[in-house]
Amino acid sequence: MSDTIFGKIISGEIPAPKIFEDEHCIVINDISPQAPVHVLVIPKRPIKMLTDAESSDQSLLGHLLLVARQQAKELGIAEGCRFIVNNGEAGGQTVFHLHIHVLGGQTLTEQGL
Ligand code: 5GP
């Protein structure tokens, strides 16, 4: 597991309420929400960032998007929301364990996170 905060949450070393979990990923609320709804879909496999994913991650990456879609539906924001993957330091990534931001609950006009 990665030694990032997300790796520690996945391993249970740091307790955090999970709003969804399956064998491949967890979903948690962002600690510093940028919108009324702001959750993170995080694979259990410790991929550092999207550009580090491999061809063999095809089904995992698809799964993460489907979970993000399902969360948007269940959280009532599917009609208008934003899915974001920051990649690398210059891309705004601060936690180096791949994650998809799912944001909504208001009109999102800014460029991103
Ligand atoms: P990034 O900038 O890497 O795309 O996004 C990292 C996100 O993780 C940020 O939105 C930040 O608020 C969130 N975050 C950082 N530390 C924690 C934490 O300990 N718990 C939770 N739930 N979110 C965190």
Side-chain angles (χ1 to χ4, degrees):
M1 194 41 63
S2 69
D3 59 3
T4 66
I5 187 77
F6 296 161
K8 290 175 181 165
I9 289 171
I10 289 163
S11 70
E13 187 180 334
I14 293 176
K18 300 176 183 96
I19 59 178
F20 175 83
E21 179 170 13
D22 67 14
E23 62 180 313
H24 300 297
C25 68
I26 62 168
V27 180
I28 59 173
N29 282 305
D30 196 290
I31 203 168
S32 178
Q34 304 298 305
V37 173
H38 185 176
V39 302
L40 304 170
V41 180
I42 308 170
K44 291 186 175 177
R45 184 168 127 69
I47 300 167
K48 192 171 161 195
M49 61 181 96
L50 185 58
T51 49
D52 281 353
E54 297 169 10
S55 300
S56 56
D57 291 315
Q58 179 170 333
S59 67
L60 173 61
L61 296 176
H63 181 73
L64 297 176
L65 282 177
L66 291 175
V67 169
R69 173 207 66 165
Q70 187 61 25
Q71 287 299 316
K73 287 184 177 186
E74 291 182 13
L75 295 167
I77 59 169
E79 293 305 311
C81 59
R82 185 172 290 166
F83 303 99
I84 295 175
V85 178
N86 293 324
N87 191 89
E89 214 172 309
Q93 186 174 6
T94 57
V95 178
F96 288 86
H97 183 131
L98 176 65
H99 49 282
I100 302 173
H101 296 261
V102 182
L103 298 119
Q106 68 182 39
T107 301
L108 300 165
T109 53
E110 297 149 22
Q111 281 287 12
L113 289 175

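Predicted model only: the values in this text are computed from it and were never measured. As the structure lists them, so they are numbered: ligands from 1, and atoms in each ligand from 1.
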Using the benzene-type ring in the case of Trp, are the ring centres of His101 and His99 under 6.0 Å apart?
yes
At what distance, to the nearest 0.5 angstrom, does CD1 of Ile9 lie from CD1 of Ile31?
7.5 Å
Distance filter under 4.0 Å to His101 heavy atoms, resulting ligand 1 atoms:
1 (P), 4 (O), 5 (O), 7 (C), 10 (O)
Under 4.0 Å between heavy atoms, the region of Gln34 that gets near ligand 1 turns out to be neither
With rounding to the nearest 0.5 Å, note down the distance linking CZ in Phe96 to CG in Asp52.
10.0 Å
So CG of Leu61 and CZ of Arg45: to nearest 0.5 Å the spacing works out to 9.0 Å
In terms of residue, atom name and distance, what is the protein heavy atom nearest to atom 19 (O) of ligand 1?
Ile5 CG1, 3.2 Å
So, taking the atom named CG in Asp22 and the one named NZ in Lys44, what distance separates them when rounded to the nearest 0.5 Å?
6.5 Å
To the nearest 0.5 Å, atom CG of Asn87 lies from atom CG of Leu50 at 5.5 Å
After noting the C-alpha distance and the side-chain angles of Val27 and Val102, does the key distance pass the side chain to side chain contact (heavy atoms under 4.5 Å, CB included) rule?
CA-CA 10 Å; Val27 180; Val102 182; over 6 Å; no
Please round to the nearest 0.5 Å and tell me the distance separating atom CZ of Arg82 and atom CG of Leu108.
4.5 Å
Atom 12 (O) of ligand 1: of Ile28, Asn29, Asp30, the nearest heavy atom sits on Asp30
In this structure, atom 2 (O) of ligand 1 is nearest to the protein heavy atom Thr94 OG1, 2.8 Å
Is it the case that ligand 1 has an N or O less than 3.5 angstrom from some N or O of Val95?
yes
Atoms of ligand 1 under 4.0 Å from any heavy atom of Ser32, numbered from 1 in the order shown, are 12 (O)
Measure the distance from atom 1 (P) of ligand 1 to every protein heavy atom, then report the residue, atom name and distance (to 0.1 Å) of the closest one.
His99 NE2, 3.1 Å
May I ask you to identify the nearest protein heavy atom to atom 24 (C) of ligand 1, giving residue, atom name and distance to one decimal place in Å?
Ile31 CG2, 3.4 Å
Which residue and non-hydrogen atom of the protein lie closest to atom 8 (O) of ligand 1, and at what distance in Å?
Phe6 CZ, 3.4 Å
Would Ala16 count as a contact residue for ligand 1, given that I'm defining contact as a non-hydrogen atom of the residue lying under 4.0 Å from a ligand atom?
no
